Each structure stands twice: as C-alpha cells, then as structure tokens.
Amino acid sequence: MPELPEVETTKRGIAPFVTGRVVERVLLRRKDLRWPIPRALTTRLPGQRIDAVERRAKYLLLHTEAGSALLHLGMSGSLRITDPAAPIRMHDHYDLILDSGQALRFNDPRRFGCLLWQAPGEIHPLLQNLGPEPLGDAFDGDWLWNASRGRSAAVKTFLMDQSIVVGVGNIYASEALFAAGVHPKRAAGAVSRARYARIAAEIRRVLNYAITRGGTTLRDFLAPDGAPGYFEQELNVYGRAGEPCKVCGTPIRAEVIGQRMTYWCPRCQR
DNA sequence: CGACACACCTGGATGC
DNA sequence: TGCATCCAGGTGTGTC
C-alpha cells in the first residue's frame, strides 16, 4: 500500500480538483470495503462543499461543514480524477461526483481500504491513537528515544507502529534504517539517543525525497493523474535481496521481521 | 501495557 | 498451458 509519500502524492493530486467543489452525488458500487460504508456518506455528504483536504497519517480527510469523509487506501488502493462517464474498471468501488463535472474514483483490488465518516467536532476512533507526523515539529530523535525505552521489539517493527510515528510503512522503514546505518533487528530499547536522532532525520529525508519523486509504484499505486511514482529507482535495499549494496557491494539480506519482509545491508547496518 | 499471530482480499509471479 | 503455492505498500483484533 501506499505509505505516507504515496498518500501525500494522492492528496496533492486530488486537492486542486476537489477543494471548493460540491459533492453532487456519492455512487457506491458495493456496500463495504474493509468495513461497511456508513449511511452518512450517501445521506450527509451529497450537497456539501469540500472545504479542505487533509492527510493525517495514511488517511485522507475531505472536510465539509456537515462532517468529513475519511478515506484510506489500504494496500492496493488509489484515487483518480476522472470523467464520471469513463468506463468502470475492475475494482472501481465508489465515485464522488463533483459539481465540476468530474468524479473522484476509488479503485482497490484487495479492498483493505475504507470509506468512513467523521462527524463535525469529533475525532474518528481510528485517528485517536496515532503518533506524531514524521514531517511535523513534534517528531524527533528524542521522541523516538523516549517512546522506545523498555521495548524489546525490533526497531524496524517499532518504527512501523503507527502509535509511535505515523506514515512509515514497510518500504520506508527498511530504507530509513539503511540510511541511518542501523540494523533492523536491533531491539528498539537498545538503540541510543544519538542513533535515534539519526533515524528521525533519515525518516524525514527519505519521506520528503520520496514525495518529490511522486512516491513508489511497486504494482498498483498510481497518482490521481495516472502517473506512477518514481521512487522505486531510488530504493537502496527494499526488494533488492541478494543484490549488491549500492554503498559497499555486500549482498543485501532479506528476512521476515515481525511478519513483514525486511531488507538490509549486513555491513552498513549495525 | 507490550509482543505477536492472524485475519481480511485479490492478483501477479514463480515453479512444477 | 494449467494449476498450486507464495507473496504483496496496512492495520484492527484476539491471545498470552
């Protein structure tokens, strides 16, 4: 799925087309994705103007006076701006039809994404236990260091915990740890304050750089204009098992850590 | 509370 | 070519 850079790319892609537009109609082609789609999407959203688009963690929020549509792309979801009359493709699950004559169309083969509703003045339960934004001011090495004391889980698993810091998924956790020179299996609680400063800085740098490249396209992900992400060409370790490290030439290792395939250079990362 | 296994779902790649 | 198997960008839930 889309991690933070892909969701941010999606946000930037749709914002100019949906901000200030009125949702004329919500067309659902199925009644549930990961969870049932609440009635509010068809009873409250139509007729509302989208005042702003926000990304929080890997979620997107379309804010209106009556409440906010809460979207998640799951593992394989993508949003496109399209002509509502454009042919429906396999796994096109819903359209938000706008007063501009265009539609925001969601496609998601695996249906791990969701479409939910947040009432005005409320914070949806899914957003309540999230850690800080990695590109925001509340996130730094000291935050990670403090949060990690006494934790025995692998540092890579720790970084992917959305209650610690949001937006870092399986690709960027491996990439940031490579950039920081930290072995992904090291216990989170055994990583020094200085090394967390480096990890935090590399998370920021890698995410920001990936955003400038339009994210990473491994198979499904496309920006709302249909463009793939180009960060794949910049991956140093993810998906490169057995290939030489771009820094030292040592074959990249791969192993499942915390149920997710993890990649690292055994020489550059300690 | 933390750590971990599992579940959800489809499609593409791989191997026989 | 056909079929079985494995793997995939996430994350809530249940168990210990």
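Worth knowing before you read on, the calculation uses all heavy atoms, side chains too, and leaves out hydrogens, waters and symmetry mates. Because the structure is a prediction, the values reported are computed rather than measured. Proteins get letters first, then strands, A, B, ... in listed order; numbering begins at 1 in each.
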| field | Whole angstrom value for the distance that separates P of B/dG11 from CZ of A/R89 | value | 14 Å
| If pairs are Watson-Crick or G-U with both distances under 3.5 Å, what is the dot-bracket string of DNA chain B, marking crossing pairs with [ ] and pairs to another strand with |? | .|||||||.|||||||
| said: If the threshold is 4.0 Å, N to carboxylate O, is there a salt bridge linking A/R29 and A/D95? | reply: yes
| task | Please work out whether the ring planes of A/F106 and A/H93 are parallel, tilted or perpendicular, with thresholds of 30° and 60°. | result | tilted
| message | Nearest to the side chain of A/Y263, heavy atoms from C-beta on, is which of C/dA8, B/dC4, B/dG11? | response | C/dA8
| Which one, B/dC8, C/dA8, C/dT11, comes nearest to the side chain of A/K58? | C/dT11
| said: Using the side-chain contact (heavy atoms from CB on, under 4.5 Å) definition, which of the options A/I252, A/V237, A/I257 pairs with A/S174? | reply: A/V237
| said: What's the gap between B/dC9 and C/dG14 when it is taken at their P atoms, as a whole Å value? | reply: 16 Å
| field | In one Ile/Leu/Val/Met/Phe/Trp/Tyr side-chain cluster, 4.5 Å: A/V26, A/V22 | value | no
| task | Look at the side chain of A/E133 and the backbone N and O of A/A57, then say whether any donor-acceptor pair between them is shorter than 3.5 Å. | result | yes
| task | Give the rounded distance in Å between these two atoms: CG of A/L73 and C1' of C/dA8. | result | 16 Å
| Roughly how many Å is it from NZ in A/K156 to C1' in B/dC4, rounded to a whole number? | 14 Å
| request: Specify the separation, in whole Å, of atom CZ of A/R34 and atom P of C/dT11. | output: 8 Å
| task | Just call it for A/Y172: base, sugar-phosphate, or nothing, with non-hydrogen atoms closer than 4.0 Å on any strand. | result | nothing
| Given B/dT10, is OP1 or OP2 found less than 4.0 Å from the side-chain N or O atoms of A/R111? | yes
| For A/F112 and B/dC9, is the gap between ring centres under 5.5 Å while the planes differ by less than 30°? | no
| message | Regarding A/R56 and A/E54, does a basic nitrogen lie under 4.0 Å from an acidic carboxylate oxygen? | response | no
| request: Send over the distance from A/L115 CG to C/dG10 P, rounded to a whole Å. | output: 20 Å
| task | Calculate the interatomic distance between A/I164 atom CD1 and C/dT11 atom C1'; express it in whole Å. | result | 15 Å
| query | Atom CD of A/E232 to atom P of C/dA8: distance rounded to whole Å? | reply | 15 Å
| request: Answer yes or no: does a side-chain N or O of A/H91 lie under 4.0 Å from OP1 or OP2 of B/dG11? | output: yes
| query | If Ile, Leu, Val, Met, Phe, Trp and Tyr residues are connected whenever their side-chain heavy atoms lie under 4.5 Å apart, and connections chain through other members, are A/I211 and A/L235 in the same group? | reply | yes
| N/O (side chain, A/R260) to phosphate O (OP1/OP2, C/dG10) under 4.0 Å | yes
| said: Whether A/H72 contacts C/dT11 is assessed here as follows: a side-chain N or O lying under 4.0 Å from the phosphate OP1 or OP2. Is that the case? | reply: yes
| message | Judged by each residue's nearest nucleotide on DNA chain B, which is more toward the 5′ side, A/Q259 or A/M90? | response | A/Q259
| said: Under 4.0 Å, heavy atom to any atom of DNA chain C: which of residues 139-151 of chain A qualify? | reply: none
| query | Can you list every salt bridge (charged side-chain N to carboxylate O under 4.0 Å, His left out) pair that touches residues 197-207 of chain A, not counting sequence neighbours? | reply | A/R198-A/E202, A/E202-A/R205
| said: Let me spell it out: for each of A/Y59 and A/T216, pick the nucleotide of DNA chain C with the closest heavy atom. Which residue's pick is nearer the 5' end? | reply: A/T216
| message | Quick check on A/R267: does its CZ atom have over 12 non-hydrogen neighbours (other residues, nucleotides or ligands) under 6.0 Å away? | response | no
| query | Parallel, tilted or perpendicular for A/H72 and A/Y59, by the 30°/60° rule? | reply | perpendicular
| query | Rounded to whole angstroms, how far apart are CD1 on A/I171 and P on C/dT11? | reply | 13 Å
